[in-house]
Number of protein chains: 2
Amino acid sequence: MTPTAARPLRRDAERNRQRVLAAARELFAERGLEVTLDDVARRAGLGVGTVYRRFPSREALIEALFSEQLDALVTLAGECLREQNSWDGLVRFLEDFACRHGGDRAMRELLFTGAAQRPDFARIHAELVPAADELVARAQRDGHLRPDLRGTDLPQIELMISSVAECTRGVDPEVWRRYLTLLLDGLRATPRGPSPLPAPALSHEQTEQALHRR
Amino acid sequence: MTPTAARPLRRDAERNRQRVLAAARELFAERGLEVTLDDVARRAGLGVGTVYRRFPSREALIEALFSEQLDALVTLAGECLREQNSWDGLVRFLEDFACRHGGDRAMRELLFTGAAQRPDFARIHAELVPAADELVARAQRDGHLRPDLRGTDLPQIELMISSVAECTRGVDPEVWRRYLTLLLDGLRATPRGPSPLPAPALSHEQTEQALHRR
DNA sequence: AACAAGCGGAGAAAACACCTCAACTTGCCG
DNA sequence: CGGCAAGTTGAGGTGTTTTCTCCGCTTGTT
């Protein structure tokens, strides 16, 4: 489908292609899907023409950037299903997800807002839905997870965590763990008291920064 | 500050002013702060000129729309601090907040993303910060709330809940309560097992809709 | 009736995003 | 090394979008 194709790029061309991808990754993560190919070019230190030569449209660039990340998500779900301890599997899924895509604004827009007319998504979705159901069911069978949770709760939980991650990324890229822990304490079938929080709360100054900065 | 001013508007003018505000409220809630005054005019069934006559800029309109809502927030915090039961006070704060502003995209942008260069916000912020600290401290003194929570956690929690509310508003405007309950179960000092969830999970179809619709 | 207040909405002006192209440079193969 | 295909550049053309003005017309009020 997207094999490395006809002939290999010239060395400099390949290098530039990587620069474009790197710049795009950064910009998309910071600013979301609305970034301009001109922006990307500027950040990459290249002419606009160069960018357009490699990626005829923003679509193509997005495609190139995110299709592998999406596959990785499916893979992750599979691995988590294979963890011995079903609770740990669930936790790892939530955690790794947030870890990889938490602060990435474009990824959030792709996953959580209508931006996903994208073709890949039907497929991904189709694979992720049953995985989520099974992650939940498994942890419930073992008596770890509260029985009233559903597979469809996982995307919403991920949304919550990644919202925090995006908001706070500039100020403390790890605080989202704090809120995941709070949430997990609410997910257990038989609670065992507050778990230690893996990160200190933001200071008032940090909070102000996180909320008011653009 | 914003008194009804000089002379009263002509009857029709006042009616139109209200239409503009209503249309703006709807549009801002749906689409966030980026709506155009032309959009507002169309939705209100009025000419652009009419809108501009009343609100010289988008800024002015936003000001008019949101300044009272911001004050209401401060008031709410005050009331919650005066609730007999400190846990209930905290819960009510989170709940009422989500209830009023949950699905409102513009409000979220104002509160949680840099959009807040707005002058009011300094003031609001200044009043809300100590209130949040006190809500937390009070519930901790009474042994309801886990002792490792901080005042600065409240905005993040509200962000989480309102993210869900915005995502799901078109599909089931009450599911956010489900996630608030999960979270609250994680916030108690001495957990007492899973509380009944106030709303059923989304179906798979609903989830798909919530995530993929624009 | 008369006049101030209000209304409408075409379109001017500016900002912006998207993309092309012709002149120039560079890697690479023979 | 010479030559050419591949690559690069960025100013600027084109189309779109947003903001806001202006003036001929309508409407409320006194």
Side-chain angles (χ1 to χ4, degrees), chain A residues 3-24 26-28 30-65 105-106 109-110 114-115 117-118 214, chain B residues 3-24 26-28 30-65 105-106 109-110 114-115 117-118 214:
Chain A
T4 3
R7 67 210 49 157
L9 292 173
R10 232 167 62 175
R11 185 134 356 123
D12 59 339
E14 180 57 30
R15 178 172 44 75
N16 284 341
R17 186 169 183 279
Q18 294 308 326
R19 282 190 189 164
V20 169
L21 285 170
E26 288 174 27
L27 281 174
F28 278 120
E30 286 170 22
R31 308 225 278 258
L33 291 171
E34 86 294 347
V35 299
T36 292
L37 287 208
D38 295 49
D39 288 334
V40 174
R42 199 171 322 117
R43 166 89 54 127
L46 298 170
V48 223
T50 306
V51 176
Y52 277 95
R53 158 174 283 266
R54 233 31 93 197
F55 303 97
S57 66
R58 228 183 56 217
E59 287 306 288
L61 179 52
I62 293 176
E63 174 81 18
L65 266 181
R105 189 146 162 221
E109 289 177 10
L110 281 173
Q117 309 313 14
R118 208 155 302 287
R214 157 74 331 155
Chain B
T4 5
R7 68 211 46 159
L9 292 174
R10 232 165 65 175
R11 185 135 356 123
D12 58 339
E14 180 56 31
R15 178 171 44 75
N16 286 339
R17 186 169 183 281
Q18 293 308 325
R19 281 191 190 164
V20 169
L21 284 170
E26 288 175 26
L27 281 174
F28 278 119
E30 286 169 22
R31 308 225 276 259
L33 291 171
E34 86 293 349
V35 299
T36 292
L37 287 208
D38 293 49
D39 288 334
V40 174
R42 200 171 320 117
R43 166 87 55 127
L46 298 168
V48 224
T50 306
V51 176
Y52 277 95
R53 159 173 282 265
R54 232 32 94 196
F55 304 96
S57 66
R58 228 181 58 216
E59 287 305 289
L61 179 53
I62 292 176
E63 173 81 17
L65 266 181
R105 192 148 159 218
E109 289 176 12
L110 281 173
Q117 309 312 15
R118 208 156 302 288
R214 160 72 332 152

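Note that the structure is predicted; figures quoted are calculated from it, not measured. Hydrogens, waters and symmetry mates play no part in the numbers below; they use all other heavy atoms, side chains included. In what follows, chains are A, B, ... by sequence order, proteins preceding strands, each numbered from 1.
The side chain of Arg10(A) contributes no N or O atom lying less than 4.0 Å from OP1 or OP2 of dC28(C). The phosphate of dG7(D) (OP1 or OP2) has no side-chain N or O of Asn16(A) nearer than 4.0 angstrom. For Thr50(A), a side-chain nitrogen or oxygen approaches OP1 or OP2 of dT9(D) to under 4.0 Å.
Rounded to a whole Å, the CD atom of Glu14(B) is 10 Å from the P atom of dC7(C). Arg53(A) has its CZ atom 10 Å from the C1' atom of dA5(D), to the nearest Å. dT17(D) atom P lies 11 Å from atom CZ of Arg42(B), rounded to whole Å. Note: CZ (Arg17(A)) to P (dA6(D)) measures 17 Å, nearest angstrom. The distance from atom CD of Glu59(B) to atom C1' of dT19(D) is 13 Å, rounded to the nearest whole Å.
For Arg15(B) and Asp12(B), the salt-bridge test fails: no basic side-chain N is under 4.0 Å from an acidic carboxylate O.
Applying the side chain to side chain contact (heavy atoms under 4.5 Å, CB included) rule to Arg53(B) yields no partners; only residues at least two apart in sequence or on another chain are considered.
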- prompt: Step by step, would you call Asp38(A) with Tyr52(A) a side chain to side chain contact (heavy atoms under 4.5 Å, CB included)?
  reply: CA-CA 9 Å; Asp38(A) 295 49; Tyr52(A) 277 95; 4.0 Å; yes

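Using a 4.0 Å heavy-atom distance criterion, Arg54(B) is classed as a sugar-phosphate-only contact.
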Would you tabulate the nitrogen or oxygen pairs shorter than 3.5 Å linking the protein to nucleotides 14-20 of chain C?
unit_1: dC18(C); atom_1: OP1; unit_2: Arg58(A); atom_2: NH1; d: 3.2
unit_1: dC18(C); atom_1: OP2; unit_2: Thr36(A); atom_2: OG1; d: 3.4
unit_1: dC19(C); atom_1: N4; unit_2: Asp38(A); atom_2: OD2; d: 3.4

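No donor-acceptor contact under 3.5 Å links the side chain of Arg11(B) to the base of dT29(D).
Atom CZ of Arg105(A) and atom CG of Leu27(A) lie 12.0 Å apart (nearest 0.5 Å). Atoms CZ and CZ, from Arg17(B) and Arg54(B) in turn, are 8.0 Å apart once rounded to the nearest 0.5 Å.
What you find for Arg58(B) and Leu37(B) is that their closest heavy atoms are CG-CD2, 3.5 Å.
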